[in-house]
Protein chains: 2
Amino acid sequence: MTYREKSSNFFKELQINICNELEAADGKAHFITDKWSKPQVEAPEGISPIDSTSRIFTEGGGITRVIADGDVFEKGGVNFSEVHGKMQPELVERLIGKRESASFYATGISLVIHPLSPFIPTVHANYRYIEVGAERWFGGGSDLTPYYCFHEDAVHFHNSLKKTCDIHDKNYYPHFKKQCDEYFFIPHRKETRGVGGIFFDYLGQTKPLKQCPITDHASLEKFFDLVQSLGNSFTESYLPIVEKRKMMRWTEKEKDFQLYRRGRYAEFNLVYDRGTYFGLKTDGRIESILMSLPPFAKWIYNYIPDPGSKEEKNLQLLSEFHEWV
Amino acid sequence: MTYREKSSNFFKELQINICNELEAADGKAHFITDKWSKPQVEAPEGISPIDSTSRIFTEGGGITRVIADGDVFEKGGVNFSEVHGKMQPELVERLIGKRESASFYATGISLVIHPLSPFIPTVHANYRYIEVGAERWFGGGSDLTPYYCFHEDAVHFHNSLKKTCDIHDKNYYPHFKKQCDEYFFIPHRKETRGVGGIFFDYLGQTKPLKQCPITDHASLEKFFDLVQSLGNSFTESYLPIVEKRKMMRWTEKEKDFQLYRRGRYAEFNLVYDRGTYFGLKTDGRIESILMSLPPFAKWIYNYIPDPGSKEEKNLQLLSEFHEWV
């Protein structure tokens with residue numbers, strides 16, 4: 001089997017397993033399933049005023065699964081997709097450093113879960129296999145965004161990721177953790193998106209870019225192994241936190257703080273997220289791309305938490321990077 | 001007086017007048033006032049993953065005025081600002097087509113008003129005077145975003161803008177109206193942000209770019225006259241709509257539809273808006289820049305309105321451009 005087949009098969013199966021476990025944790029809501037496919041079309045001009053030259057031809061399809069109004073999960077989506085087409089030079093250059101048009105292929109799983117309770121963190125994970133021209137690589141990661149952060153929950157999440165990474169290479173976790181901190185930072189707010197996790201890209205590319213000093217780049221197989229381990233252990237990293245917090249009651253003020261903080265999630269995803277950017281640039285299926293946005297969000301002008309409050313402590317926590325394990 | 005002085009004085013006075021009239025229309029809430037100033041600092045690296053090379057030095061200040069939790073206005077902001085500094089070549093090239101670093105100056109008024117009622121449209125207006133290197137120009141515009149659109153309200157808004165433009169030049173309104181339609185379009189949704197209004201930029205620049213085929217570019221004075229007329233007639237274009245709709249009651253479903261549509265407003269502002277982009281790129285005062293975001297917004301996966309419903313008709317309306325006068 002090719003890596004295209006192996007990876008897309010794995011991601012499809014992983015989607016089913018993760019959805020089943022999330023449904024069981026919710027106990028009420030069920031995922032709906034939207035299969036979609038996309039004929040080969042030229043993306044319209046002017047996708048972004050920033051750079052309207054990256055038009056590409058894309059075709060492909062995916063399975064979008066969405067859960068909403070659950071007892072535990074207010075909104076969540078788990079996407080599988082597989083697209084291919086022709087990419088214009090500007091985007092190729094950004095990805096592999098060569099200014100030339102190239103064919104591309106991308107398959108992956110991407111999920112964002114927004115719980116109802118302000119005590120359960122939002123979680124994101126994405127694992128993908130990509131080919132651009134002659135280059136091919138795996139990328140992905142998973143990160144946690146608490147509203148009210150319980151130290152032990154952040155530790156559990158990081159410990160779980162570290163344990164899985166360590167099976168493959170002890171150098172992975174510290175390196176991926178650092179990349180995650182750097183990536184999930186909101187420069188205009190000068191704060192982190194949450195307590196981080198891991199993030200990596202270009203694993204297996206023949207000519208590693210500066211983003212990835214990990215060795216042995218010719219070996220796609222070991223990175224596929226890593227991605228499988230991480231995908232398969234996603235629910236172990238997250239669901240124990242859900243179980244621990246789901247019976248806790250919250251006040252209106254606490255819910256309000258969650259909505260306010262979800263505004264930051266929307267800001268990050270719309271302004272900085274590479275997946276969103278790639279999706280918009282490649283004229284992807286918009287409902288699947290923006291399924292990551294929160295069900296409700298709130299923007300308050302110049303919110304300043306009460307001195308000494310839980311809210312202040314949580315905002316303080318997010319203004320810095322931390323070592324959790 | 002220089003254009004810097006004349007414009008900033010005008011914008012400051014306009015801010016006071018507009019806030020007074022909005023307060024009177026609300027009848028309950030009052031604007032709070034935040035004066036801010038910004039020392040000369042270098043913007044941090046990595047402001048955006050898209051382009052981290054546009055760091056500039058900025059100093060200056062502004063007056064941010066915000067209204068919240070009113071009887072009529074759920075959240076609104078009217079900003080005055082005046083900033084100057086050194087701009088890096090990439091941004092200079094984008095603005096005036098020359099790849100060189102240059103000093104810049106910008107002053108303007110910018111407002112976004114989000115009413116509580118889904119029957120009162122959100123309104124945006126922005127008028128500005130800008131200098132980059134040896135170039136100087138006026139820009140601005142105003143546009144209306146109804147949730148449930150009343151035809152006569154859109155007509156009133158456009159008529160008011162046309163009347164003011166026509167005093168100066170009969171060619172302005174049709175040209176600016178078209179530019180507004182093009183600018184306030186959300187490519188990834190393939191829909192307009194609302195019913196448009198007017199939009200213009202680079203008026204008075206010595207070497208007009210393709211964005212502005214308006215004649216007589218050497219005459220800054222006439223464009224300053226235009227900007228003053230438009231600024232002074234802002235409340236005439238908007239408040240009669242507010243007065244007409246403010247006593248109408250709404251249902252929970254109608255409020256919900258407004259929240260859903262406000263998600264689009266957040267998407268446009270965070271992904272495409274040039275003012276937001278410029279603000280983030282110049283490391284501007286973030287609370288003033290993002291004050292345009294809605295108080296509450298909602299994202300529903302793949303929302304499809306009931307066939308034949310008001311919601312369906314309104315979404316249909318926004319999928320096309322219209323001539324209102």
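Just so it is clear, the values below take in all heavy atoms, side chains as well, and ignore hydrogens, waters and symmetry mates. Per chain, numbering begins at 1; letters A, B, ... match sequence-line order.
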What residue, out of [options], has the most heavy-atom pairs lying under 4.5 Å from chain A?
{"options": "B:Ile32, B:Asn269, B:Val66", "value": "B:Val66"}
{"options": "B:Ile300, B:Thr276, B:Leu270, B:Leu259", "value": "B:Leu270"}
{"options": "B:Glu182, B:Met291, B:Arg189, B:Arg262", "value": "B:Arg189"}

(message) If we define contacts as heavy-atom pairs under 4.5 Å, which of A:Ser288, A:Gly77, A:Ala297, A:Gly263 has the most with chain B?
(response)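 Between A:Ser288, A:Gly77, A:Ala297, A:Gly263, the count favours A:Ala297.
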
(request) Return the set of residues passing side-chain contact (heavy atoms from CB on, under 4.5 Å) with A:Ser81 (not counting sequence neighbours), or none when no residue passes. (result)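 With neighbours one apart ignored, the set is A:Trp36.
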
(request) Report the residues that fulfil side-chain contact (heavy atoms from CB on, under 4.5 Å) with A:Asp34, sequence neighbours left out, ordered by chain and then residue number. (result)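 Expected list: A:Thr64, A:Arg285, B:Tyr301, B:Asn302.
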
(message) Quick check for you: to the nearest 0.5 Å, what is the distance between B:Phe185 atom CZ and B:Leu318 atom CG?
(response)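 Spacing of CZ (B:Phe185) from CG (B:Leu318) equals 11.0 Å.
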
(request) Let me know if A:Ala68 has heavy atoms under 4.5 Å from chain B in its side chain, its backbone, both or neither. (result)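 For A:Ala68, neither part sits under 4.5 Å from chain B.
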
(request) Name the region of A:Ile289, side chain, backbone, both or neither, that has any atom closer than 4.5 Å to a heavy atom of chain B. (result)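 Looking at A:Ile289, nothing touches chain B.
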
(request) Decide side-chain hydrogen bond (donor to acceptor under 3.5 Å, both in side chains) for A:Thr122 and A:Tyr147; before the verdict, give the C-alpha distance in whole Å, the side-chain angles of both, and the deciding distance to 0.1 Å. (result) CA-CA 8 Å; A:Thr122 286; A:Tyr147 302 93; 2.6 Å; yes

(request) Start with the C-alpha gap between A:Ile96 and A:Trp137, add the side-chain angles, then the distance that decides, and say whether side chain to side chain contact (heavy atoms under 4.5 Å, CB included) holds. (result) CA-CA 11 Å; A:Ile96 64 169; A:Trp137 68 88; 3.5 Å; yes

